[in-house]
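Data first, discussion second: the structure below is written as structure tokens.
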Amino acid sequence: MGFIFYKYQGTGNDFVMVDNREGGFPKDDTDFIGGLCDRRFGVGADGLILLEDEPGYDFRMVYYNADGNESTMCGNGGRCIVAFAGFLGIIKNDTRFMAVDGVHRATLGDGKVKLQMTDVDRVDVFDNYVFLDTGSPHHVQEVQEIDRFDVKLQGAKLRYGKYGKAGSNINFVSKVDDAVFKVRTYERGVEDETFSCGTGVTAVAIAMHRTGKTKGNTVTLQTPGGVLRVYFDEEGGQYRNIFLEGPAKKVFRGEVDRV
Ligand SMILES: N[C@@H](CCC[C@H](N)C(=O)O)C(=O)O
């Protein structure tokens, strides 16, 4: 069986994207999905995303990490699937779709997607890190000299050592100025640093606000793959109307045979 796929990227977080509205994609074949995401033996991507029908919504997003396992929410993937839905003609400039963490709204225009993220009610602040769930679990830790920091080594230590079998994504952050932060992320399921992580920068923006490192409601995040912006409202320690904004781009189209 062969099928058409598209490759998308959002600030360098890249995804194999498949229109599965007619079904037929081997959703339980972990080795096949992991193989497609492999950068040597496959197409190469941080994850694979299926666009499916969902009654009452524009579509459903189904997300798999590069290891082939279905996972929790992907913010950059969410932005990319909105661009993909626009390309397929399913939506025009705005959408309401279903994902693993619930309903998302988004707007699309000028090559950018602004995606509403899930509300955050709980932020756990510890001595030298913050933990929160922005659709996916995130550890946020400030570091010195972030450009020279060994994200893969230190990220893997925390991901496996601290968070057990379920694991967590691990974000390292350095303040640039009151509303700008540099972020590098070790992603669970990719088991490496990625160029950018959407739920990760969202977690960083909220963690920096919660710990008083930024006072405003708009935070700019510089990642190795580009710049993202996070907007939110906060009341009584609860975060609402959280939006993640940045570029999302189609890179190429291809066809794969499943042997
Ligand atoms: N790239 C992501 C996060 C994807 C999910 C993550 N790897 C996990 O399993 O938690 C993003 O942009 O949010």
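When a residue number appears, it is its place in the shown sequence, counting from 1. Atoms within each ligand, like the ligands themselves, are counted from 1 in listed order. Bear in mind that the values here come from a model prediction, so they are computed numbers and not experimental data.
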[X] and its side chain to side chain donor-acceptor pair (under 3.5 Å) partner, picked from [options]:
X	options	result
Glu52	Lys27, Arg21, Arg60	Lys27
Ser196	Thr11, Thr185, Asn13, Asp46	Thr11
Tyr186	Gln154, Arg159, Glu191, Glu193	Glu191

Return all side-chain donor-acceptor pairs below 3.5 angstrom for residues 82-90, not counting sequence neighbours, or 'none' if the list is empty.
none

(Q) A quick test of your reading: do over 12 heavy atoms of other residues, nucleotides or ligands sit less than 6.0 Å from CG of Asp177? (A)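 Enclosed: over 12 neighbouring heavy atoms sit under 6.0 Å from CG of Asp177.
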Identify all N/O pairs between ligand 1 and the protein with a separation under 3.5 Å and present them as a table of atom names and distances.
| residue | atom | partner | partner atom | Å |
| --- | --- | --- | --- | --- |
| ligand 1 | 1 (N) | Asn13 | OD1 | 2.8 |
| ligand 1 | 1 (N) | Glu187 | OE1 | 3.0 |
| ligand 1 | 1 (N) | Glu187 | OE2 | 2.9 |
| ligand 1 | 7 (N) | Asn65 | OD1 | 2.9 |
| ligand 1 | 7 (N) | Asn169 | OD1 | 3.4 |
| ligand 1 | 7 (N) | Glu187 | OE1 | 3.0 |
| ligand 1 | 7 (N) | Arg188 | O | 2.8 |
| ligand 1 | 9 (O) | Asn65 | ND2 | 2.8 |
| ligand 1 | 9 (O) | Ser71 | OG | 2.7 |
| ligand 1 | 9 (O) | Arg188 | NE | 3.1 |
| ligand 1 | 9 (O) | Arg188 | NH2 | 3.4 |
| ligand 1 | 10 (O) | Thr72 | OG1 | 3.4 |
| ligand 1 | 10 (O) | Ser136 | OG | 3.3 |
| ligand 1 | 10 (O) | Asn169 | ND2 | 2.7 |
| ligand 1 | 10 (O) | Arg188 | NE | 3.2 |
| ligand 1 | 10 (O) | Arg188 | NH2 | 3.0 |
| ligand 1 | 12 (O) | Asn13 | OD1 | 3.2 |
| ligand 1 | 12 (O) | Gly75 | N | 3.4 |
| ligand 1 | 12 (O) | Asn76 | N | 3.0 |
| ligand 1 | 12 (O) | Gly198 | N | 2.6 |
| ligand 1 | 13 (O) | Gly75 | N | 2.7 |
| ligand 1 | 13 (O) | Gly198 | N | 3.4 |
| ligand 1 | 13 (O) | Thr199 | N | 2.8 |
| ligand 1 | 13 (O) | Thr199 | OG1 | 2.6 |

Q.
Using the rule side-chain contact (heavy atoms from CB on, under 4.5 Å), only one of Asp178, Val130, Val140 pairs with Met208; which is it?
A.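 With Met208 as partner, side-chain contact (heavy atoms from CB on, under 4.5 Å) holds for just one option, Val140.
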